[in-house]
Engineer: 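Here it is: the structure, laid out below.
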Amino acid sequence: RPLEMSAKKRVPFLRRVVSVTKKVQRDPRFDDMSGEYKPEIFMKTYSFLDDIKKQEKEMVQKQLKKCRNIEQKEKLQQLLNRMTQQEQAQKKQQKLRERELSLKRRQRELAKQGKKPFFLKKSEKRKLELAEKYAELKRSGKLESFLGKKRKRNAIKDKRRLPSQK
């Protein structure tokens, strides 16, 4: 039968009748139980996604060729651009990771030989990256156009900085 309570006492807002065990939610990104994040292992494990993305990109390109609706065509074009940008960013990140790994290997080799390890500064790493970029542009034959664009950009910046002649 129901419990009788005095009418003179205030009724509690929430009365706990049965104790319920609360589920503890955990975020795998910040939990130690999930292990340590290693980009190399992650890339190997989920490499099959690259193939799927490639197929999806081809599908979007085919749809773009067939599509007649202007709005739909714009949406597909934006999607295709985003896919290519993501692909380029992933390639760039992969190159950066490989460069860092090669530097680490070189440091390990020097340490094995008994030499003191020498770590590059951020500015020196940037210079090496820029030199590599120039070498890549020279190989592909796009160096002159790149330098021309850079000169134009710098000229526009210089013009803005100059006081107006009125």
Engineer: Work out which heavy atom in R97 is nearest to a heavy atom in P39; give both atom names and the distance.
Structural biologist: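 What the structure gives for the nearest pair is NE-CB, 3.5 Å.
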Engineer: Out of curiosity, L137 CG to S145 OG, how far, rounded to the nearest 0.5 Å?
Structural biologist: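 Answer rounded to 0.5 Å: 7.5 Å.
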Engineer: Could you measure the distance from the CD atom of E100 to the NZ atom of K125? Nearest 0.5 Å is fine.
Structural biologist: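 Separation between the atoms: 5.5 Å.
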Engineer: Under the side chain to side chain contact (heavy atoms under 4.5 Å, CB included) criterion, do D50 and Q90 qualify, and how do the steps go?
Structural biologist: CA-CA 10 Å; D50 294 334; Q90 194 175 8; 3.5 Å; yes
Engineer: Take atom OH of Y37 as the centre, draw a 6.0 Å sphere, and report whether it contains more than 12 heavy atoms from other residues, nucleotides or ligands.
Structural biologist: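 Counting neighbours around OH of Y37, more than 12 heavy atoms of other residues, nucleotides or ligands fall under 6.0 Å, so yes.
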Engineer: According to side-chain hydrogen bond (donor to acceptor under 3.5 Å, both in side chains), who are the partners of E136, at least two apart in sequence or on a separate chain?
Structural biologist: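 Checked E136 against side-chain hydrogen bond (donor to acceptor under 3.5 Å, both in side chains); matches are R139.
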Engineer: Please determine, by modelled atom types, if Q85 and R82 share a side-chain donor-acceptor pair under 3.5 angstrom.
Structural biologist: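 No, no side-chain donor-acceptor contact under 3.5 Å.
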Engineer: For the residue pair L80 and K57, what are the closest heavy atoms and their distance?
Structural biologist: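 Scanning both residues completely, I find the closest heavy atoms to be CD1-CG, 3.8 Å.
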Engineer: Are L120 and L130 linked, directly or through other ILVMFWY residues, by side chains that come within less than 4.5 angstrom of each other?
Structural biologist: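 Result: no, two separate clusters.
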Engineer: Check whether more than 12 heavy atoms from other residues, nucleotides or ligands sit under 6.0 Å from atom CD1 of I70, and answer yes or no.
Structural biologist: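 Counting other residues, nucleotides and ligands, CD1 of I70 stays at 12 neighbours or fewer.
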Engineer: Say you draw a straight line from CG of L79 to CD of E56; how long is it, rounded to the nearest 0.5 Å?
Structural biologist: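 That separation rounds to 8.5 Å.
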Engineer: Let me see the working for D158 and R161 under salt bridge (Lys or Arg N to Asp or Glu O under 4.0 Å), right down to the final yes or no.
Structural biologist: CA-CA 5 Å; D158 289 343; R161 287 186 189 133; 3.8 Å; yes
Engineer: For the pair E132 and K95, find out whether any cationic side-chain nitrogen is under 4.0 Å from an anionic carboxylate oxygen.
Structural biologist: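 K95 and E132: not salt-bridged.
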Engineer: Are F119 and L110 connected in a single hydrophobic cluster, I mean Ile/Leu/Val/Met/Phe/Trp/Tyr linked by side-chain heavy atoms less than 4.5 Å apart?
Structural biologist: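 Cluster IDs for L110 and F119 differ.
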Engineer: Just wondering, more than 12 heavy atoms not from D32 lying within 6.0 Å of its CG?
Structural biologist: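 Not buried by this count: 12 neighbours or fewer within 6.0 Å.
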Engineer: If you compare all heavy atoms of F118 against all heavy atoms of Q107, which two are closest, and at what distance to 0.1 Å?
Structural biologist: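 Looking at all heavy atoms of both residues, the closest pair is O-NE2, 2.6 Å.
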Engineer: Please assess Y134 against L147 for the test side chain to side chain contact (heavy atoms under 4.5 Å, CB included), listing each intermediate value before the final yes or no.
Structural biologist: CA-CA 10 Å; Y134 277 98; L147 288 174; 3.6 Å; yes
Engineer: Do you know the tightest heavy-atom contact between C67 and K73?
Structural biologist: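 Shortest heavy-atom separation between C67 and K73 comes out as SG-N, 3.8 Å.
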Engineer: Rounded to the nearest 0.5 Å, how far apart are CD of E58 and CE of M83?
Structural biologist: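 Reported to 0.5 Å precision, the distance equals 10.5 Å.
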Engineer: Would F42 and F48 show up in the same hydrophobic cluster when neighbours are defined by side-chain heavy atoms closer than 4.5 Å?
Structural biologist: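 As far as the 4.5 Å side-chain criterion goes, F48 and F42 are connected within one cluster.
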Engineer: Which heavy atom of L76 sits nearest to which heavy atom of L64, and what is that distance?
Structural biologist: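 It is CB-CD1, 3.6 Å.
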Engineer: To the closest 0.5 Å, what do you measure between CD (E40) and CG (L101)?
Structural biologist: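 The CD atom of E40 sits 5.5 Å away from the CG atom of L101.
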Engineer: Hey, what do you get for CZ (R105) to CG (L103), rounding to the nearest 0.5 Å?
Structural biologist: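 Rounded to the nearest 0.5 Å, the CZ-CG separation comes out at 10.0 Å.
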